[in-house]
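My structure is below; once you've seen it, I'll send some questions.
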Number of protein chains: 2
Amino acid sequence: MSGDRQKSGNGVEKKAHQVVTSADVAREAGVSRSTVSRCMADDERISEATRKRVQETAAQLGYHVNKIASSMNRRKSDLIGLVTSGLTDPFRIEFLDCLISQIQQSGYRPLVIDVSDPDQMGISMLNLLQYQVAGVVVTSGSPSPEVGTHYLKRNVPVVLVNRAGRLEGADVINCDNVHGGELAADMLLKSGKKRLGFLNVRGGTYSGNVRGEAFVSRIAPRLADGEISFTSLVCDSADYDGGFHAGLKYLADRENAPDGIFCAKDHIALGLMDAARFELGLKVPGDLAVIGFDDIAAARQGAYQLTTVRQRADQLAEMTVERLRRRIGGDALGDERLVLPVEFIRRQTV
Amino acid sequence: MSGDRQKSGNGVEKKAHQVVTSADVAREAGVSRSTVSRCMADDERISEATRKRVQETAAQLGYHVNKIASSMNRRKSDLIGLVTSGLTDPFRIEFLDCLISQIQQSGYRPLVIDVSDPDQMGISMLNLLQYQVAGVVVTSGSPSPEVGTHYLKRNVPVVLVNRAGRLEGADVINCDNVHGGELAADMLLKSGKKRLGFLNVRGGTYSGNVRGEAFVSRIAPRLADGEISFTSLVCDSADYDGGFHAGLKYLADRENAPDGIFCAKDHIALGLMDAARFELGLKVPGDLAVIGFDDIAAARQGAYQLTTVRQRADQLAEMTVERLRRRIGGDALGDERLVLPVEFIRRQTV
DNA sequence: TTGTACGCGTTATCAT
DNA sequence: ATGATAACGCGTACAA
């Protein structure tokens, strides 16, 4: 009962505690702080009796392990950074949902950071490092190579999901955008549509571009034959409103407008469909066939019944966490580029 | 150059550093750790020259302030716990979106925890305490009074959003559920519908129950007159599918089915509408009037154009963060129960 | 304006 | 099975 730093020189009875620490529990239970620490961590080599007594004392005193101090000591937290940009993209939300519960099940905690402004990407990623995160998942934007080196140096694993990603030291997981684009092309060709289009946000996103290019490659032979035509369509935002306004713009001229459109993502497709049906009086799929990508929940709804290419958010999350865990566990893995299979889901828009 | 704990006894040149600390920067820049600390925090009383030199050295060495150590020292982190249950409820997502960006703008970081299992609520809330969170926002479930006392004791502010909440030491923010229910009732009465219904998830939620009760109170006089009838409708889940299946169940009998339904939330209303329109061939609003609650993004979409009661997620988030900040700032405020005004939005489903 | 010295609460290590 | 002790990296009185 002599040791430790407790009675620092003078014999004063310490300050009136505000927050209960392991020292308090130790004193109350008549053991050392080490023992308390071990009991709280369910360390094997502690006697059942002691463990029980200490845990009861802890509960009674209202003691909670201070994870900050713990992380400090271990030099690593159990936080995993989640880089996103808002919660507006339906598929990303579904992915984050899966990711969050899986991260939690693995004993980690998600620290969300929003980087709506791409210029903030670098700063935000570096800020994350301040929290001694165990790993980071990037679902929006693209970290610069310079940021990458910081992570590499600290040996903090990074996983890029559905991004271009040429980041050294980071794993990249994408769904099979190429195959998805091809499946969409095949379907539209088979349906007999002649004036095809691919709708994506202005400037494009990596995923969207790949999907579009695969689509175009696939229809190239028929294009060359002159059997069909193709137009590249552009919307101002990668969401419902973007698709809606693009619909108004591109579909007004019923004679020459595309009659089969592949959208870079479902959310855009929904807007496009609503514009076609409710603003222009077009029949979908009669006058216009629409194919999306992702298979978000809304695509399954009665009002849309969207034909689309499905990528499974749960599997994507599984791969992400699996990868993260192995790297955190110490496996010195080489950077990998994983591809998640996609599946064509035919509903009623083509 | 003698001070601190640096050279602990022996004169060994220390270990090969893996991670850069303020001591490294201090040594490299020829200043003390205190100075480095002050420079990184942009402390006023540091000379421009020193600050610049130190910050450059820091950047060059790849130094990042360790927020864990910092939090340890200050005995509080800049983490704010966000208690939710999955990311499936559209309005909650919109709210979280606003909340996350506002929390971030206030210099805090959101730590998300998912409590899909209500039994885990207590444990999860207490776990949050381990992270020395500066505050907590509860958007799902209801913390027990016992949990409340732990927070009270630690002086960590809690805000309950759209919950029943009788938590000591916590603020409760709700939208004006009563007024919303009344607005819905008024609209349905005015529309001339006779067989009214209120659709909510089995067992009910606090918000839903209040809305329903207000609705019923409002139509009570007309009910007593025998001019109209009312049925309480129940679905198995508080989402699209729940509404959809409820539609199939309650609307099949066209003669006696309700012709005006107020739904506890928009998401349910969407499912109900789709079942009515696409499975049963009913006209909305001709055969069936539908009113929702929340005004989620999908309610504005062409396919739905749902008449609803709007609660503004951004304002809710604003109130939440404002409240949190003041409490964190030290204001010893009494528990408050705030009410956010709602607004009736008439679209095309009634 | 800058440096010295201490303490934050925990866990790992070593000793018993 | 348990205890004593030394870090972990930082912020901040206090001193200069």
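Letters go in sequence order (proteins before strands), and every chain restarts at 1.
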Review point. CG of A:D43 versus C1' of C:dT10: gap in Å, rounded?
Key: 14 Å

Review point. To the nearest Å, how far apart are A:K76 NZ and C:dT11 P?
Key: 17 Å

Review point. Base, sugar-phosphate alone, or nothing: which one does A:R45 contact when heavy atoms must sit under 4.0 Å apart?
Key: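 A:R45: base contact, heavy atoms under 4.0 Å.
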
**Study point:** Check: D:dG3 base within 3.5 Å donor-acceptor of A:R38 side chain
**Key:**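 Answer is yes: a donor-acceptor pair is held.
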
Exercise for review: Using a 4.0 Å heavy-atom cut-off across all strands, classify A:T35 as base, sugar-phosphate, or nothing.
Suggested key: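 Sugar-phosphate, backbone atoms only, no base.
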
**Study point:** B:S47 side-chain proximity, nearest of D:dG9, C:dT2, C:dT10
**Key:**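 Nearest to the side-chain atoms of B:S47, counting from C-beta on, is C:dT2.
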
Study note, to complete from the structure: Ranking D:dG3, C:dT1, D:dG9 by distance to the side chain of A:V31, first place goes to D:dG3

Review point. Do you see a donor-acceptor pair shorter than 3.5 Å between the side chains of B:T21 and B:R33?
Key: no

Practice item. Using only heavy-atom distances, determine whether the side chains of A:S37 and A:S34 contain a donor-acceptor pair under 3.5 Å. Key: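 The answer is no; no qualifying pair exists.
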
Check your understanding: Atom CG of B:D24 to atom P of D:dG9: distance rounded to whole Å?
Key -> 9 Å

Point to revise | Quiz item: B:N73 side-chain donor-acceptor pair to D:dG11 base, under 3.5 Å | key: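 Donor-acceptor pair under 3.5 Å: yes.
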
Check your understanding: Of B:T50 and B:M72, whose closest DNA chain C nucleotide lies nearer the 5' terminus?
Key ->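 The residue whose closest nucleotide sits nearer the 5' end is B:T50.
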
Exercise for review: Run the salt-bridge test on A:R51 and A:E48 with the 4.0 Å N-O cut-off and return the result as yes or no.
Suggested key: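 Yes, A:R51 and A:E48 are salt-bridged.
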
Exercise for review: Please report, rounded to the nearest Å, how far the C1' atom of C:dG7 is from the CG atom of A:N66.
Suggested key: 14 Å

Practice item. Taking atom types as modelled, find out whether B:R109 and B:S77 have a side-chain donor-acceptor pair closer than 3.5 angstrom. Key: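 No - no donor-acceptor pair under 3.5 Å links their side chains.
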
Exercise for review: Grab the OH-C1' distance between A:Y131 and D:dG9 for me, whole Å please.
Suggested key: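 Going from A:Y131 (OH) to D:dG9 (C1'), I get 16 Å.
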
Review point. Given C:dT10, D:dC10, C:dG9, which nucleotide is nearest the side-chain atoms of A:S22?
Key: C:dT10

Exercise for review: Using atom CZ of A:R74 as one end and atom C1' of C:dG9 as the other, report the distance to the nearest whole Å.
Suggested key: 13 Å

Practice item. Have a look at B:E336 and tell me which of B:R327, B:R323, B:R326 forms a salt bridge (Lys or Arg N to Asp or Glu O under 4.0 Å) with it. Key: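 The residue from B:R327, B:R323, B:R326 that satisfies salt bridge (Lys or Arg N to Asp or Glu O under 4.0 Å) with B:E336 turns out to be B:R323.
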
**Study point:** Given C:dG3, C:dT11, C:dG9, the nucleotide with the shortest approach to the side chain of B:S32
**Key:** C:dG3

Check your understanding: Donor-acceptor pair under 3.5 Å: do we get one between B:S34's side chain and the base of D:dT12?
Key -> yes

Practice item. Tell me which nucleotide among D:dC10, D:dT2, D:dT12 gets nearest to the side chain of B:R33. Key: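 Taking heavy atoms from C-beta onward, the closest nucleotide is D:dC10.
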
**Study point:** Comparing A:R53 and B:Y63 on DNA chain D - which has the more 5′ nearest nucleotide
**Key:**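 That would be A:R53.
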
**Study point:** Any A:R75 side-chain nitrogen or oxygen under 4.0 Å from OP1 or OP2 of C:dT11
**Key:** no

Practice item. Pick base, sugar-phosphate or nothing for B:S71, based on heavy-atom distances below 4.0 Å to the nucleic acid. Key: nothing

**Study point:** Spacing of B:Q132 atom CD relative to D:dG11 atom P, expressed in whole Å
**Key:** 17 Å

Point to revise | Member of A:V137, A:T139, A:L128 meeting the side chain to side chain contact (heavy atoms under 4.5 Å, CB included) criterion with A:V83 | key: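 Exactly one pass, corresponding to A:L128.
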
